[in-house]
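To start, the structure under review is shown below, and the notes come after it.
Naming: A, B, ... by sequence-line order, numbering from 1 per chain.
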Number of protein chains: 2
Amino acid sequence: MSQRKISRAVIKRLPRYYRYLGDLLDMGVERISSGELSQQMRVTASQIRQDLNNFGGFGQQGYGYNVRYLREEIAKILGLNTEHNMIIIGAGHLGTALANYNFEKNGFKTISLFDINPDLIGRTVRDIPIRSIDDLPEFLRENPVDIATLCLPKAKAKDIAQLLIDNGIKAIWNFAHTDLNLILPKDVVVENVHLSESLMRLSYTLKSRQQGEEE
Amino acid sequence: MSQRKISRAVIKRLPRYYRYLGDLLDMGVERISSGELSQQMRVTASQIRQDLNNFGGFGQQGYGYNVRYLREEIAKILGLNTEHNMIIIGAGHLGTALANYNFEKNGFKTISLFDINPDLIGRTVRDIPIRSIDDLPEFLRENPVDIATLCLPKAKAKDIAQLLIDNGIKAIWNFAHTDLNLILPKDVVVENVHLSESLMRLSYTLKSRQQGEEE
DNA sequence: TAGATTGTTAATCGATTAACAATC
DNA sequence: TAGATTGTTAATCGATTAACAATC
């Protein structure tokens, strides 16, 4: 029952639905129609219904959607109902910040950091140990790791990515300023977070807004 | 000569062109055709030419594009030729990590952090001082700030965003887990970085890939 | 000049929105 | 039942790709 080819655009929106439904739940809202949700989220009701119907009929005519139920279904779709073990490669500022992030509440648990800097190896971040990158292959043999987060300079990113792939990693969350496409086997997935590119987009938008464009 | 309505999709790709052109320059490549670049970037040559021609004819028939020139033009389009002063609101792990990031090379300079925690106020990160959030209005009156980076809990994000807007900030780089749309005047732009949503997308892609979908 | 490659128009493809019958 | 709202088909819109004339 694997889903048929869901478009990238739909996937990108799912976590946002999940977030809004969580907020609604916190506010004690039990049910919501696509119309109401569309107003809050500033999207069309049509889009919401189309998006959700890619995965199944979660609503009920004349009623709308049950907030808790819909949220749980989206969690399942996104895989948030299973625990994911993560490691972070690179215990610099960003790697450390991510280790301190509370991704656990969505089922993502960081179990180790890795670095090459001897000064850092042996330390911990929130009780998570920083290990030597040399110990990575052995660690991966002995621990189930679902996701590897890459927080290192672009010069090293490709080699380490290769090392990770060689040792069975199937998902890479990439913060390095480079694309890993070139070396990727088909069964390995990558999600890029290019912060400086995000900042450049902001810069562009600011500039064009100042020049008096309407949107 | 403000550009006509460039689509969001094009803007999203510009920083990636910029990065590839920088890499090419570092490798000593002087000229490149849309065909070659398309192979490296894994996009169509058509798309590259269409994208660039939104802004002008940067190439030359029979020759291709001059790498250095094209890169500089894209820098101008993105506003990277002007210095941008930034502040960071929230000097927690993420805020501190961003203050340590080398955005300067693209013209983005962090000149202050702000926090409410008295233990942090007065400290510095890479010589950048952490000030009290109470001093924010005065600071904004006395210093030109182009971009405010929001690194704080969602509960506080909207109030602080309002404070920033009231004090003249026109661009917000938002890392808080919330949308700021609701309170936004038309001349204020926001770029969101929702890390946990990025992670959820990775989780989804991993899951669907494991279930044996092709892409 | 001949060859290469752009700039740009036209064709295709995909995603979004609108509309409405189905149904709770 | 009547009213509301979904699920889904059809229409529209926009973005991507293909094709080729222009031109260096």
Would you call B:Lys170 and B:Asp187 a salt bridge, taking side-chain N to carboxylate O under 4.0 Å as the test?
yes

Is the shortest side-chain N to carboxylate O distance from B:Glu191 to B:Lys12 below 4.0 Å?
no

Quick one: do A:Trp173 and A:Phe103 satisfy ring pair (Phe, Tyr, Trp, His ring centres under 6.0 Å)? Show the steps, please.
CA-CA 13 Å; A:Trp173 200 21; A:Phe103 296 121; 5.5 Å; yes

Are there over 12 heavy-atom neighbours, none belonging to B:Lys109, within less than 6.0 Å of that residue's NZ?
no

Is it the case that more than 12 heavy atoms not belonging to A:His194 sit under 6.0 Å from its NE2 atom?
yes

Can you check whether A:Ile116 reaches A:Leu152 side chain to side chain, under 4.5 Å on heavy atoms?
no

In the structure I gave you, are the side-chain heavy atoms of B:Ile11 and B:Ile6 within less than 4.5 Å of one another anywhere?
yes

Between B:Gln60 and A:Ala9, which has a closest nucleotide on DNA chain C that is more 5'?
B:Gln60

First of A:Gln61 and A:Val43 reached from the 5' end of DNA chain C, by closest nucleotide:
A:Val43

Testing A:Gln40, A:Arg19, A:Arg42 one by one against B:Asp179 for a side chain to side chain donor-acceptor pair (under 3.5 Å), which residue passes?
A:Arg19

Residue of the set B:Glu30, B:Arg49, B:Arg31, B:Gln60 for which side-chain contact (heavy atoms from CB on, under 4.5 Å) holds with B:Tyr65:
B:Arg49

Pairwise 5' ranking along DNA chain D for A:Gly62 and A:Gln50, keeping only the more 5' one
A:Gly62

Of all nucleotides in DNA chain C with an atom under 4.0 Å from a non-hydrogen atom of chain B, which is the first and which the last going 5' to 3'?
C:dA4 to C:dA10

Cationic tip of B:Arg71 above B:Tyr18 ring, under 6.0 Å, 45° of axis:
yes

Starting from Watson-Crick (N1-N3 plus N6-O4 or O6-N4) and G-U wobble pairs under 3.5 Å, report the runs of at least three that DNA chain C belongs to.
C:3-24 with D:3-24

The correct set of residues in residues 19-36 of chain A placing a heavy atom under 4.0 Å from DNA chain C is none

